[in-house]
Amino acid sequence: MAKGKKGKAAKSKTITLKVAKECLQLTLDGKRRLDLSFKEVSVMPKCLPKLCEVEEVDLSRNLIRKIPDFIDYFISVRVLDLHSNYLEELPASVGRLQNLLVLNLCNNRLSSLPSAMGLLKKLLTLSLGMNQLNNLPSSISALQELRHIGLSDNKFTRVPFCISRMDKLERESVLCEDCLNKCQTDRKTMEDNENWNETN
């Protein structure tokens, strides 16, 4: 997970088109899903644009630091799961994912979001817990379909103004239980180590 992977640099793997195709699945409701979670990749595979017709993409639990601009090729994607990576920023091109319903960015290193997030008009769930955010772009208020937002374990000192008047919005943490427990344990260990270093 992103918060606990600081000490040891893991070796990154490369995903070929053949391997990526083997990770294609069909969900119970007939959606095409690309599951590249737990693949130890540090960059999004360059072959991904050739699979851009998928409706769900899971790149969670990897070592990804940057989302390339080719993410906007995924015009059909409805679910994008990027939780538990090393992301520090998102490209503005993420705003072109006009069919996106669920975006999971939990447990990364995001300190800001692009204003283009406000273009995701169909977005229902936005998971931002366990990052380094202290504010949200005002454009978030344009997401009138947004129903669930996870903001826990960030640097907010108050509810961001842009969401304070969104009546249909529920604030929650959307992270699988195993990842949540692991991240909380890693974070506590890190804080304990920092406190120990300060006192010694």
Side-chain angles (χ1 to χ4, degrees), residues 1-6 44 56-69 71-72 74-75 77-188 190-191 194:
M1 309 306 126
K3 304 295 189 251
K5 292 189 279 191
K6 281 189 174 178
M44 285 182 67
E56 298 184 9
V57 177
D58 186 351
L59 282 159
S60 66
R61 303 174 190 98
N62 280 296
L63 309 168
I64 300 170
R65 295 182 182 277
K66 184 177 179 184
I67 302 298
D69 282 331
I71 192 70
D72 65 358
F74 288 83
I75 56 172
V77 75
R78 297 164 60 87
V79 177
L80 180 57
D81 191 347
L82 294 164
H83 88 269
S84 302
N85 277 287
Y86 282 112
L87 298 176
E88 294 180 1
E89 63 181 2
L90 290 181
S93 56
V94 75
R96 296 190 197 115
L97 303 178
Q98 297 295 303
N99 291 304
L100 199 59
L101 301 176
V102 177
L103 179 56
N104 190 348
L105 296 167
C106 285
N107 195 32
N108 277 285
R109 296 176 175 178
L110 297 169
S111 58
S112 65
L113 296 174
S115 61
M117 292 285 290
L119 300 174
L120 302 174
K121 302 295 186 190
K122 295 181 182 178
L123 197 64
L124 298 173
T125 301
L126 177 58
S127 304
L128 298 169
M130 297 181 155
N131 278 288
Q132 298 171 20
L133 298 166
N134 61 16
N135 207 345
L136 294 177
S138 59
S139 61
I140 294 287
S141 63
L143 304 179
Q144 293 303 308
E145 297 301 316
L146 194 62
R147 296 295 175 263
H148 306 281
I149 189 165
L151 298 173
S152 62
D153 290 315
N154 273 287
K155 296 184 176 182
F156 296 108
T157 55
R158 61 179 174 243
V159 175
F161 182 75
C162 61
I163 65 168
S164 62
R165 298 180 188 264
M166 296 173 79
D167 297 334
K168 297 177 181 175
L169 195 58
E170 298 175 25
R171 289 176 272 287
E172 60 182 39
S173 173
V174 183
L175 193 63
C176 66
E177 191 173 339
D178 289 342
C179 287
L180 182 61
N181 291 336
K182 171 82 171 121
C183 293
Q184 288 173 337
T185 301
D186 288 351
R187 180 173 278 187
K188 177 149 180 26
M190 241 173 40
E191 288 170 357
E194 287 172 4

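The main-chain N or O of S60 is found under 3.5 Å from a side-chain atom of D58 such that the two form a donor-acceptor pair. Of the possible polar contacts, none joining the D153 side chain to the M130 backbone as a donor-acceptor pair under 3.5 Å is found. With hydrogens and angles disregarded, no donor-acceptor distance shorter than 3.5 Å links the side chain of N104 to the backbone of L82. Of the possible polar contacts, one joining the N85 side chain to the L59 backbone as a donor-acceptor pair under 3.5 Å is found. Judged by distance alone, the side chain of N154 and the main-chain N or O of Q132 form a donor-acceptor pair under 3.5 Å.
Between N134 and K155, the shortest heavy-atom distance links the atoms CB-O, 3.7 Å. Here the closest non-hydrogen pair linking L133 and S112 is CD2-N, 3.4 Å. Here the closest non-hydrogen pair linking I71 and P91 is CG2-CG, 4.4 Å. Contact record, L143 with G118: CD2-O, 3.7 Å, taken as the closest heavy-atom pair. Heavy-atom minimum distance, A92 versus A116: O-CB, 3.2 Å. A pairwise comparison of heavy atoms in L146 and M166 identifies CB-CE, 4.3 Å as the closest pair.
Note that CG of L126 and CD1 of I163 are 9.0 Å apart. Values are rounded to the nearest 0.5 Å. With values rounded to the nearest 0.5 angstrom, S152 atom OG is found 9.5 Å from N131 atom CG.
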**Item:** Intermediate values then yes/no, side chain to side chain contact (heavy atoms under 4.5 Å, CB included), L103 and L105
**Value:** CA-CA 6 Å; L103 179 56; L105 296 167; 3.8 Å; yes
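Residues forming a side chain to side chain donor-acceptor pair (under 3.5 Å) with R65 (at least two apart in sequence, or on another chain): none. Residues passing the side-chain contact (heavy atoms from CB on, under 4.5 Å) test with D72 are S93, R96, sequence neighbours excluded. With sequence neighbours left out, K168 forms a side-chain contact (heavy atoms from CB on, under 4.5 Å) with R147. With sequence neighbours excluded, no residue satisfies side chain to side chain donor-acceptor pair (under 3.5 Å) with N135. By the side-chain contact (heavy atoms from CB on, under 4.5 Å) test, S141 is found to be paired with C162, residues two or more places apart in sequence or in another chain being considered. With sequence neighbours excluded, the residues forming a side-chain contact (heavy atoms from CB on, under 4.5 Å) with L101 are R78, K122, L124, listed by chain and number.
Counting heavy atoms from C-beta outward, I64 and M44 have side chains that approach closer than 4.5 Å. Considering only heavy atoms from C-beta on, Q98 comes within 4.5 Å of L119 through its side chain. Between K66 and L87, the closest side-chain pair of non-hydrogen atoms is not below 4.5 Å.
In the displayed structure, F156 atom CZ is contacted under 6.0 Å by more than 12 heavy atoms of other residues, nucleotides or ligands.
Every pair tested for salt bridge (Lys or Arg N to Asp or Glu O under 4.0 Å) that includes a residue from residues 79-93 fails, sequence neighbours excluded, so the list is empty.
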